[in-house]
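First the structure, in the form of C-alpha cells, and then the observations on it.
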Amino acid sequence: MSLDHPTPLELSRRRLRAGRSRRSTLTALVSTLVFATVLYLAVTSAPGWPRTQATFLNPQVAWDSLPKILEGLWLNIRVLAVAAVATLVLALVIAVLRTLRGPVFLPLRLLATGFVDLFRGIPLIVLLYLIGFGVPALRFTDERINPVYLGTIALVLTYAAYVSEVFRAGIDSVHPSQRLGARSLGLSYGQSMKLVVLPQAVRRVTPPLLNDFVAMQKDVGLISLLGPLDAVRAAQIASQSTFNFTPYVVAALLFVLLSVPTARAADWAAARAARREQSGAML
C-alpha cells in the first residue's frame, strides 16, 4: 500500500497519535494556567505587595525610563556583536594551538593553556576592573581610552577562554581516521584542519556555542561598571532620579527579549544534533 493510500490500520494509528497529542497539549495548557494563577495569587496576596508593586512595577516610571534604556541597549548590542566575533576568532586560534602535536610546539601549547587557565579563573567583574582601570593607569597614551573598548576586551578575553575549550572538545571528538585520511590524500596539517576537521568540529559544538552566546548577552551589561551609558547604567541613573527600581526591571526584560531568540536557536540546534546522532547520520 502506497503512502498516498494508507491502510485502515495506519489511519487508526494516526488518529490515536493525534488524540494523544491533543490531550498532552490540553494537559500542559491547563497545568500552566493553574500554576500561573496560584503564583499570581500568592504574590499579590503578600502583605508587602502594594509597596513592591509601586517600587518595582510602576508603569509610569517604566514608560518614562524606556527611551534612555533602549538607547543604552543599542550600545550593548554593538558591543555584543564585536565581542562575539572577536571571541570566536581568538577562541578558535587558542583551541588549534592547544591541539598542535609535536615537542616543537610545546611553548605554544603552554601559552594557550596558560591563557585558558588564567582567564577562566579570573571573575569577569574583577577582570573588568583590572583592565578598565589598570590599562589607563599605564598611560600608554595621553588620550583617554574609551571604556567601551576596555570592557569589550575584558569580555573577549574571558569568553575566549571558555569558548576555546568548547572548540577543543569539538576538535578532539573528530575521529583520528579523518585526519589520517586527509593526510593520505596529500593534504597538509593546516589543510586537513581547515577542510576536514574544523567543519565537523564546529557543527558538533554549535549548541554549546549558542549557550555561551546567551551568557555573553547577559554579561555585556557589566560594562556599565566602567561608566559607559549602556542599558544598565541608564536604568541606574533613572532609578536614582526617581527613587524607584522599576527601570532595572525594564532593563532586565529587554535583556530577556534579547536572549530568547538565541536560547530557542540553541534548543533547536541541540535537538537537531540529537536527531542526527540517533539516526546515525554522519556529522
Side-chain angles (χ1 to χ4, degrees), residues 79-80 82-141 145 147 149-216 218-220 222-223 225-226 283:
V79 171
L80 175 65
V82 174
V85 174
T87 295
L88 289 175
V89 174
L90 180 58
L92 188 57
V93 172
I94 297 298
V96 171
L97 290 179
R98 293 201 67 183
T99 58
L100 291 175
R101 291 171 172 80
V104 69
F105 296 115
L106 178 62
L108 293 178
R109 292 198 299 271
L110 291 178
L111 180 63
T113 302
F115 175 92
V116 172
D117 291 342
L118 176 64
F119 291 109
R120 279 200 310 179
I122 301 178
L124 176 56
I125 188 171
V126 175
L127 187 62
L128 281 166
Y129 283 128
L130 292 177
I131 293 180
F133 299 116
V135 172
L138 295 174
R139 300 184 64 84
F140 288 116
T141 176
I145 303 177
Y149 301 156
L150 299 175
T152 304
I153 291 173
L155 279 170
V156 171
L157 292 176
T158 297
Y159 275 90
Y162 286 99
V163 174
S164 66
E165 289 298 277
V166 176
F167 277 132
R168 188 166 73 96
I171 293 172
D172 290 341
S173 70
V174 178
H175 198 274
S177 62
Q178 299 285 324
R179 294 189 182 90
L180 296 175
R183 297 302 296 271
S184 67
L185 293 175
L187 298 181
S188 65
Y189 176 83
Q191 290 173 328
S192 301
M193 291 292 294
K194 178 182 177 181
L195 301 176
V196 178
V197 177
L198 289 181
Q200 298 181 67
V202 171
R203 281 199 300 270
R204 293 182 179 185
V205 300
T206 296
L209 286 178
L210 290 174
N211 286 327
D212 285 334
F213 183 66
V214 173
M216 181 183 284
K218 298 182 299 180
D219 287 344
V220 76
L222 291 176
I223 65 170
L225 296 172
L226 303 182
L283 295 176

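No experiment lies behind these values; they were computed from the predicted model shown. As a basis for the values below, the full set of heavy atoms in this structure was taken, side chains included, without hydrogen atoms, waters or symmetry mates.
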What residues, two or more places apart in sequence or in another chain, satisfy ring-ring contact (aromatic ring centres under 6.0 Å, His included) together with [X]?
| X | result |
| --- | --- |
| Y149 | none |
| Y162 | none |
| F105 | none |

Verdict with reasoning, F213 to L209, per side-chain contact (heavy atoms from CB on, under 4.5 Å): CA-CA 6 Å; F213 183 66; L209 286 178; over 6 Å; no

Contact list for residues 115-135, test side-chain hydrogen bond (donor to acceptor under 3.5 Å, both in side chains), sequence neighbours left out: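 Counting only pairs at least two positions apart or across chains, no side-chain hydrogen bond (donor to acceptor under 3.5 Å, both in side chains) contact touches residues 115-135.
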
T158 (side chain) donor-acceptor with L155 (main chain) under 3.5 angstrom: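 It does not hold such a pair.
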
Exercise: identify the closest heavy-atom pair between [X] and [Y]:
| X | Y | value |
| --- | --- | --- |
| A83 | T87 | O-OG1, 2.6 Å |
| R203 | P207 | O-CD, 4.4 Å |
| A161 | F119 | CB-CB, 3.9 Å |
| A91 | A160 | CB-O, 3.6 Å |
| I171 | A201 | N-CB, 3.6 Å |

Residues which pass salt bridge (Lys or Arg N to Asp or Glu O under 4.0 Å) with R101, listed by chain and number, not counting sequence neighbours: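 With sequence neighbours excluded, R101 shows a salt bridge (Lys or Arg N to Asp or Glu O under 4.0 Å) to no residue whatsoever.
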
Listed partners of D219 passing side chain to side chain donor-acceptor pair (under 3.5 Å), at least two apart: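 Per chain and number, D219 pairs via side chain to side chain donor-acceptor pair (under 3.5 Å) with Y159.
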
Under the side chain to side chain donor-acceptor pair (under 3.5 Å) test, residues paired with R98 that sit two or more places apart: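 Partners of R98 under the side chain to side chain donor-acceptor pair (under 3.5 Å) test: T113, E165.
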
CA sep, side-chain torsions, deciding dist, call: F133, L128, side-chain contact (heavy atoms from CB on, under 4.5 Å): CA-CA 8 Å; F133 299 116; L128 281 166; over 6 Å; no

Suppose we screen for side chain to side chain contact (heavy atoms under 4.5 Å, CB included). Which residues come up paired with [X], at least two apart in sequence or across chains?
| X | result |
| --- | --- |
| I122 | L118, V126, L127 |
| I145 | V135, T141, L150 |
| I153 | I131, L157 |
| V89 | none |

Inter-residue atom distance T99.OG1 - L97.CG, 0.5 Å rounding: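 Taking OG1 in T99 and CG in L97, the distance rounds to 7.5 Å.
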
Value rounded to 0.5 Å, distance of CE in M193 from CG in L100: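 Here the rounded value is 8.0 Å.
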
Pair L210-V214, side-chain contact (heavy atoms from CB on, under 4.5 Å): steps then yes or no: CA-CA 6 Å; L210 290 174; V214 173; 5.7 Å; no

Residue pair R168 / D172, side-chain heavy-atom distance below 4.5 Å: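 They are in side-chain contact.
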
Worked verdict on V116 versus I94 for side-chain contact (heavy atoms from CB on, under 4.5 Å): CA-CA 8 Å; V116 172; I94 297 298; 3.8 Å; yes

